[in-house]
Amino acid sequence: MARICVIDDNELMRDSVCETLLAADYDAAGYEDATVALDDILGGGFDLVVTDLKMPRLDGVGLLSRLRESGCETAVILMTAFGTVQTAVEAMKLGAFDYLQKPFQGDELEIVVERALKHAHLLRANQAFRTGQADQARSRPMVAVGESMQAVLRQVERVAPNSATVLVTGESGTGKEMVARAIHAASPRAAAPMLAVNCAALSPALLESELFGHERGAFTGADRSRQGRFELADGGTLLLDEVGELDDRLQAKLLRVLQEREFERVGSSIARRVDVRVIATTNRPLGRWVQEGKFREDLFYRLSVLPIHIPPLRERREDVQPLAEHLLARIARREGRARLTLTPEARDLLLGYDWPGNVRELENLMERCSALADDDTIDAARVAGWLRRNAPAAEPTQSVSHAQALLGLGRNDFDAYDGALMAEMERRLIFAALKENGGHRARTAEALGIGLRTLGLKLKRYREQGLLEPVGGRDLVGAVSQ
Ligand SMILES: Nc1ncnc2c1ncn2[C@@H]1O[C@H](COP(=O)(O)OP(=O)(O)OP(=O)(O)O)[C@@H](O)[C@H]1O
Ligand SMILES: [Mg+2]
């Protein structure tokens, strides 16, 4: 459970924020004095800080700079009153994650908190790699029961000791990143950082500066020089995710680093040398792309000095059940609850399914089934409601029948296969109604013809699944006011 430190000298405000957070299943502790809170935050007691801006002894901005001076990266959200927003904006530049202007509503608080915690989680994962302490590959063991994944594991062991480039191929969701991390963790570079760049996520110009860094004034907006990932990963490993998406120019630049270990920052003519092991992944048929002239042949051969192919899940069905059980156990540990089991029929459904989204799809399915389960078992109906295709007919899930009721349609108007679609329709309907009613839960529930409690439960689930949307309006039930 995420631990949140709430600091405000106003008792009423402090208590209402704590209550909202506790009701949303966070662990919240209130502090009146930031100097007292500071020690506990530095002691590593919290995942997130929500603090008032104006306080007598140490104010929010002071706290923030003390934390950062001490090298503490814990995310900070500032609460500001009207008139101090400008200060909050300044604080953002000092590294505050976000600010909330008082009076704000419970839902607003929840959304900002959730976003900050997600961000904090990513940051921690990155730091863990930097310090080499917590090692994801070790804490997240790979399931490899069938012979084909056993062979992949043997390849990981074989390529780990040296520094040659590895190309990991496989359909989306097969575990390419996991294999890349396992290679780094088993390599002599394990104590050094492993950084990742997704080549599909950025425009070519941004990607170039992300990979190689830039000098001050290299382009509009480059107000200071910046190290790229190659420099930051020096001595460690760089994961180039979706390397097939690089354009011609970046392919050439990458080839040069791989061959000569040398590159220039954008806007600089000084060649820099680095010692970085590159692991690239792709779900594209790069070999064919080379023949079609879409990818440089010399780069392809450079990248695939040591190729590792991960077969799709449908070609290693013996891994499906162990993976499902492993994932359910992990969810149970994370949520601190009893482990869910699959009924034999549910298991058969999983075994007969084709898994177009591979392990990631199985993971999402187990998350959804767990989030919605109200007892200890997952049955076939629940599984079928979420499978994308070729699942046998099953009873509609609760969400489907609920959406039917909401939309005033009959049972047969729906195809049970479309459970996921229906759940999404229901979610949109709920948020449309919330917006229409200015975020007022009671009015929304009435408009939808459902109970207030049902609505509350649904919103709670959306929050757990990261599916909340911001809702405007002021007079929300349970609003946090000053
Ligand atoms: N063998 C495995 N054992 C346990 N978990 C696995 C295994 N393979 C994949 N996973 C889990 O499945 C999810 C998807 O894996 P990963 O992100 O490595 O796939 P990917 O091939 O990089 O996907 P994409 O192509 O979408 O980027 C991750 O959460 C990962 O932890
Ligand atoms: Mg990936």
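We count ligands from 1, going down the list as the structure has it; atoms in each ligand are counted the same way.
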Legend entry - Heteroatom distance test (N283, ligand 1): nitrogen or oxygen, under 3.5 angstrom: no
Inset, instruction - To the nearest 0.5 angstrom, please state how far the CZ atom of R461 sits from the CZ atom of R427. - result: 15.0 Å
Legend entry - Heteroatom proximity flag, E242 to ligand 1, N/O under 3.5 Å: no
Inset, instruction - Select one of side chain, backbone, both or neither to describe which atoms of D319 lie under 4.0 Å from any atom of ligand 1, heavy atoms only. - result: neither
Inset, instruction - Output yes when the distance from some N or O of ligand 1 to some N or O of L327 is under 3.5 Å, and no in every other case. - result: no
Legend entry - Contact (N/O only, under 3.5 Å) between G173 and ligand 1: yes
Legend entry - Within-cut-off N or O pair, V143 and ligand 1, under 3.5 Å: yes
Inset, instruction - Kindly indicate whether a cation-pi arrangement holds for R463 with Y26, taking the cut-offs as under 6.0 Å to the six-membered ring centre and within 45° of the axis. - result: yes
Inset, instruction - Classify the contact between E363 and ligand 1 as side chain, backbone, both or neither, using a heavy-atom distance cut-off of under 4.0 Å. - result: side chain
Legend entry - Reported CG-to-OG1 distance for the pair L167 and T281, which is rounded to 0.5 angstrom: 8.0 Å
Inset, instruction - Return yes when G170 approaches ligand 1 closer than 4.0 angstrom through a heavy atom, no otherwise. - result: no
Inset, instruction - Keeping the roles fixed (side chain from Q155, backbone from I308), state whether a donor-acceptor pair exists under 3.5 Å. - result: no
Inset, instruction - Return a yes/no value for E177: is any of its N or O atoms, backbone included, closer than 3.5 angstrom to an N or O of ligand 1? - result: yes
Legend entry - Minimum side-chain heavy-atom gap V166-V179 below 4.5 Å: no
Legend entry - Whether over 12 other heavy atoms sit under 6.0 Å from Y301 OH: no
Inset, instruction - Run the numbers for me: atoms of ligand 1, each under 4.0 Å from some heavy atom of L323, listed by number. - result: 2 (C), 3 (N), 4 (C)
Inset, instruction - Return yes when atom CZ of R453 has more than 12 non-hydrogen atoms of other residues, nucleotides or ligands closer than 6.0 Å, and no otherwise. - result: no
Legend entry - E215 bridged to R272 by N-O distance under 4.0 Å: yes
Inset, instruction - Show which atoms of ligand 1 fall inside a sub-4.0 Å distance from at least one heavy-atom site of S172. - result: 25 (O), 26 (O)
Inset, instruction - Mind telling me whether F230 and F212 have parallel, tilted or perpendicular rings, with 30° and 60° as the class edges? - result: parallel
Inset, instruction - Look only at interatomic distance and state if R316 has a nitrogen or oxygen under 3.5 Å from any nitrogen or oxygen of ligand 1. - result: no
Inset, instruction - Look only at interatomic distance and state if M142 has a nitrogen or oxygen under 3.5 Å from any nitrogen or oxygen of ligand 1. - result: no
